[in-house]
Novice: 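The structure that follows is given in the form of C-alpha cells.
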Amino acid sequence: MLTVLLILIPLVAGLIAFGLKGTGAKVLSLIASIATLAVGVGAWAQFGSQGAESLRFTAEWIPQLGSQFNVGVDGMGLMLCLLTAISFPLIFITIYTREYEQPNAFYGLMLLSQAGLMGVFTAYDALLFYVFWELALIPVYFLCSMWGGEKRIAVTFKFFIYTFIGSLLMLVGLIYIYTQTQSFEWSAFTSLTMAQNEQSWLFWLFFVAFAIKMPVFPFHTWQPDTYEQSPTPVTMVLSGIMVKMGLFGVVRWLLPVLPLGAYMWAEVAMVLSIIGIIYASCIAMLQQDIKKLIAYSSIAHIGLMAAAIFANNEQSLQGMQVQMFNHGINIIGLWIIVEIIQQRLHIKNLNEMGGIATVAPRMAIFLVVISFANIALPLTNGFIGEFLMFSGLFQYNVWFAAVACLGIILSAVYTLNMVQKVIFGEANTLTGTFTDLKAGETFSLTVIVAIILVLGVYPKPLLELVSQTTVWLDKVI
Amino acid sequence: MNALISSALFGVCLMFIGLVVKNKQSIKYFAILGAAMSFGANLLDCYNVGTTLYGMIEVSSFSVVFNGVAIGATMLYFLLCGSSFEKVGEHVADYFALMFFILAGITIASSFSNLLMLFLAIEIISIPQYILAGADKRNQKSNEASLKYFLMGSFSTGILLMGIALIYGAAGSFNLAEIGLGTGELHPLSLCGIMLMAFALSFKVSAAPFHFWTPDVYDGSPTVFTAFMATVVKAGSFVAFARLFHTAFAGGSISEHWGLIIAIITALTLLIGNITAVFQQSVKRMLAYSSIAQAGFMLFAVVAMNETATQGIILYAAAYSVASIGIFAVLLKLGDYTLDGFNGLAKSQPLMAFATTVFLMSLAGIPLTAGFFAKYFVLAAAIQQGGLLWLVILAVLCAAVSVYYYFRVIMAMYFKSGTPQITEPSGGFKAGLVLAVAIVIVLGVYPNLLLNLL
C-alpha cells in the first residue's frame with residue numbers, strides 16, 4: 001500500500017492544488033511532497049525489513065486486456081522513488097519565496113508530474129507503465145510552455161513531439177509483445193522467449209523511446225533548448241529525474257524482455273552513447289550560457305550511463321544505478337545554484353558573471369562542492385558510480401572505455417571553467433550587488449551537499465539497495 | 001429494433017410538433033426527451049438479443065451497445081448544440097426530425113442482416129444530411145456544400161448498388177449469413193462486387209482517395225450540423241462498413257485481396273488526412289481533415305477481422321464522437337473559426353479551454369483520455385491480425401503528426417494572448433461540457449465500463 005501512496009499523495013494533492021487560491025497551492029505542495037518523502041522512507045524501511053514483495057500492490061484494472069494496476073519496487077525502483085521523493089521538497093523549498101503567475105496551476109502540474117514519475121518507477125504492468133510515462137510528460141509540457149523563456153512554445157513543442165513519437169513506437173512494441181503473452185504483467189513479458197529476428201526490430205521500437213528520453217546522441221536535439229527555456233524548477237525535474245526514466249526503462253523493460261535484441265545491438269547503442277559523451281562535452285566547453293552548459297554536461301553524463309547499461313556486466317550495471325541517484329542529486333544542486341543566480345541577476349551568460357565568491361561565500365562553497373561531485377572527484381558521491389562504470393566498460397572493450405574516459409577530463413575542463421567564471425575574479429557592477437543565500441536555499445543546498453559527502457565516503461547503503469537488481473539482471477541476460 | 005421504432009416515431013412527431021409549437025427551446029427539450037426515450041427503448045432491446053426481423057434486421061449485443069453510444073452521443077449533442085439550431089434557420093423542429101431519421105438509419109446500419117437493409121440504412125442516413133448541409137439557405141457556401149454532397153453521395157450510392165447487384169449475382173443471396181464469400185473459391189464477379197462496395201463505403205466514410213467532398217461539405221455546412229455529420233453519422237457508417245466486411249466477406253483467400261485494398265486506403269487516408277490538416281488555418285477545416293485522419297484509424301477496425309476490432313470500433317465511436325461534439329460545441333460559441341480566434345481563450349473562459357484541451361488530447365490519443373484506448377484497441381487488433389505492422393507504424397507516426405495540429409489549438413488557448421469573440425456560455429452548456437469531459441476521462445481510465453456491455 002505504501003507504493004500506491006507514493007503515487008496517490010502527489011496525484012490527489014496536485015488535483016486539489018488546481019482549485020486553491022493564493023499561497024494555498026504552494027503550502028500544499030510542500031506538505032504533500034514532504035509526506036511523500038516520509039512514505040518513501042517508510043517504504044525503504046519496509047523494503048529492508050520485509051523485502052520487496054511486501055511492497056507489491058495489485059488490483060483489477062482492465063481484465064479484458066490482461067492489464068492490472070500492478071505496482072511494486074525492486075532496489076532500483078525504490079532508489080529512484082527516493083530520488084524523486086527527496087528532489088521535490090528540495091525544489092519546493094528552494095522556490096518557496098518565488099512568485100509565479102497562476103501558482104495553483106504551476107504547483108498542481110508539478111505534483112502531477114511527480115505522480116507520473118512515481119508511477120513509472122513502480123509500474124509492473126506494461127500498459128500502466130505507458131500511461132504513467134505519458135502522465136509524467138504532459139504536465140511538464142504545460143509547465144515549460146506556460147512559465148518558460150521567450151522561445152518556450154516552439155522549443156517545448158519540439159520536445160513534446162519528439163518524446164511522443166518515441167512513446168508511440170514503444171506502445172507498438174508493447175502491443176506486439178502483448179499479442180504473444182496475452183498479459184501486460186512484467187513477469188509475463190520477461191518470461192517470454194522470442195526469436196532473435198523479432199527481438200532485433202523490437203529493440204529499436206523500445207530503444208528509440210528510451211534514447212529520446214535520456215537523451216542519447218543523435219536523439220538529443222530537443223534537450224539543450226528545452227533545459228534552457230524551461231523555468232529552472234522544471235529543468236530540475238527534467239534533468240534530475242525525468243531523464244532517469246529512459247535509463248530505468250532500458251533496465252526494467254528492455255534488457256530483461258529483449259535480451260537477444262539488446263545483445264545484438266549493444267555495440268551500436270554504446271557507440272552512440274560514447275559519441276554523445278565526447279560530442280556533448282566538446283559543446284559544453286564552448287558554451288557561454290550557464291543553462292546550456294549544464295544541459296550539455298548532463299547529456300555527457302547520461303551518455304556514460306547509457307554506455308554502462310549496454311556493457312552489461314555486474315560492475316557497470318551497479319555503477320550505472322548508483323550514478324542515476326547521484327547524478328540526480330548533483331544536477332539538481334547545480335540547477336538550484338543557477339536558479340539563485342538567475343533570480344538575483346537575471347543573466348545566464350558566464351562572461352557577465354564573476355566575483356560572486358567575495359560577496360556570497362556560502363553559495364560559492366556549495367557550488368565548488370557540487371561541481372566537484374559533478375566531475376566525480378573521490379570523496380564525493382559521483383566517484384564510486386563513475387569508477388564502477390568505467391571498470392565495467394574496460395571489461396567490455398578497452399577502446400570504448402578509453403574514449404569514454406576522455407569525458408572525465410573534458411568534464412573537469414568545462415565544470416572548473418564554469419566555477420571560475422561564476423565565482424572567482426573581480427565582481428562587476430552587477431554581481432557586486434549579489435546577496436548570499438536565504439534560509440530555504442541554504443537548507444536545500446545543505447541537504448544536497450550532505451548527501452554528496454555522505455555517499456562519497458560511505459556509499460554502502462546505496463550499493464546494497466541496488467545490488468539485488470544488478471544480481472538479478474546479470475542472471476537474466 | 002425498439003431504438004429504430006422509437007427514433008423514427010420521434011422524427012415524425014417532431015415534424016408535426018414544428019407546425020404547432022413555436023417556442024424553439026421547448027422543441028429542443030422535446031428532442032432531448034425523445035433521445036432519452038430512444039436510449040431507454042434501446043436498453044429494452046437487451047432482452048431481444050438474438051432475435052431477427054424477417055431475416056432483415058438482427059438484434060445483437062453489439063448493435064445494442066453501438067446504438068446506445070450513438071443515441072447517447074446524439075443526446076449530448078442536443079444538450080450542447082441544440083440551442084444553435086435556431087441560428088441556422090426557422091425550421092428547428094425539422095432539423096431535429098431529420099436527425100432522428102438519421103438515427104433510425106444508424107440503428108439499421110448497426111444491425112442489418114441483408115444487403116438491401118444496408119442500402120436502405122445508408123440512404124436513410126444520407127438523404128437527411130444533404131438537406132441539413134444546405135439548411136442555411138441564404139449562404140452560398142451552404143448551398144454549394146449541399147449540392148456537392150448530394151451529387152457525390154448519389155454517385156457513391158450508385159456504386160454501392162452496383163456492388164450489391166454483383167454480389168447478388170455471385171452469391172445468389174442478399175442475406176449476409178448466406179453470402180459467405182470468404183469460404184468459397186475466388187470468383188471475379190464477387191471480387192468486383194466487394195471492391196465496388198468498398199469504394200462506395202469509403203466515399204461515405206470519407207476515406208482517401210474518396211474524401212474530396214469532405215472538407216468543402218464540412219466547411220460549407222452550418223457548423224452545428226457539421227458537428228453531427230462528422231461524429232455520430234460517420235461512426236454509424238463505419239459500423240455498417242465493418243459489419244458488412246466482417247460478416248459477409250471475411251475468411252479465405254478473398255479477404256486477402258480486399259484486406260490489402262482497404263489497408264492501402266487506410267494508409268492513404270492517414271497520410272492525406274494528417275498532412276493536409278497540418279496546413280489549415282481554420283479550426284473548422286482542420287477538424288474536417290482531422291476527421292479524415294480519424295477515419296483512417298477507424299478503418300483499422302475494418303481491416304482487422306477479430307474481436308478486438310469490434311471492441312475497438314465501439315470504443316472509437318464513443319471516444320471520437322464525444323470529443324468531437326465537445327470541440328464543435330466550443331467552436332459554435334466562438335465568433336472566429338481561425339486558430340487566432342482561440343488566442344487567449346484560457347484566460348477568458350478557463351472551463352471551455354480546459355474541456356477543449358481534454359477533447360483534443362483524446363483525439364490525439366493521449367493516455368488517461370478515451371482516445372488512447374480507442375486507438376489502442378484498433379492498433380492492437382491490427383497487430384493481432386498479423387502482417388499489418390507497417391500500417392501500424394505508419395499510423396503511429398501519423399498520430400504524432402496529429403499532435404502538431406491538435407496542440408496548435410491548445411497553444412493558442414493557453415500560451416497566446418488575445419480577446420476571443422465569444423457568446424457567453426449558459427450554465428447548461430457548461431454542465432454539458434463537464435459531462436463530456438467526465439465521459440472522456442472515465443473511459444480513458446476505465447474503458448471496461450463500455451466494453452463489459454459487449
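Here is the naming used below: chain letters follow the sequence lines, and residue numbers restart at 1 for every chain.
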Novice: Quick check on the structure: residues of residues 439-452 of chain B within a heavy-atom distance below 4.5 Å of chain A, by number.
Specialist: B:V445, B:Y446, B:P447, B:N448, B:L451, B:N452
Novice: So do the side chains of B:L389 and A:V172 get within less than 4.5 Å of each other, counting heavy atoms only?
Specialist: yes
Novice: Side chain, backbone, both or neither: which part of A:L137 has an atom under 4.5 Å from a heavy atom of chain B?
Specialist: neither
Novice: Heavy-atom distance under 4.5 Å to chain A: side chain of B:A395, backbone, both or neither?
Specialist: neither
Novice: Quick one: which residues of residues 396-412 of chain B reach chain A at under 4.5 angstrom, heavy atoms only?
Specialist: B:V396, B:L397, B:A399, B:A400, B:V403, B:Y404, B:F407, B:I410, B:M411
Novice: Heavy-atom count around A:Q180 CD within 6.0 Å, excluding the residue itself: above 12?
Specialist: yes
Novice: Hey, what's the ring geometry for A:Y141 with B:F415, parallel, tilted or perpendicular (30° and 60° as the breaks)?
Specialist: perpendicular
Novice: Less than 4.5 Å to any heavy atom of chain A: does that hold for the side chain of B:F372, its backbone, both, or neither?
Specialist: side chain
Novice: What part of A:L169 is in contact with chain B, defined as an atom under 4.5 angstrom from a non-hydrogen atom: side chain, backbone, both or neither?
Specialist: both
Novice: Contact part of A:W201 toward chain B, heavy-atom cut-off under 4.5 Å: side chain, backbone, both or neither?
Specialist: side chain
Novice: Please indicate whether A:Q182 has more than 12 foreign heavy atoms, meaning atoms of other residues, nucleotides or ligands, lying under 6.0 Å from its CD.
Specialist: yes
Novice: Only heavy atoms, only distances under 4.5 angstrom. Which residues in residues 121-136 of chain A are near chain B?
Specialist: A:L127, A:Y130, A:V131, A:E134, A:L135
Novice: For B:T369, is it the side chain, the backbone, both or neither that has a heavy atom under 4.5 Å from a heavy atom of chain A?
Specialist: neither
Novice: Which residues, numbered in order, of residues 151-166 of chain A come under 4.5 angstrom of chain B by heavy-atom distance?
Specialist: A:R152, A:I153, A:F157, A:F160, A:I161, A:F164, A:I165
Novice: How long is the span from the OG1 atom in A:T179 to the CD1 atom in B:I383, to the nearest 0.5 Å?
Specialist: 6.5 Å
Novice: Let's test your reading of the structure: which of B:L379, B:I366, B:T308 forms the most heavy-atom pairs below 4.5 Å with chain A?
Specialist: B:I366
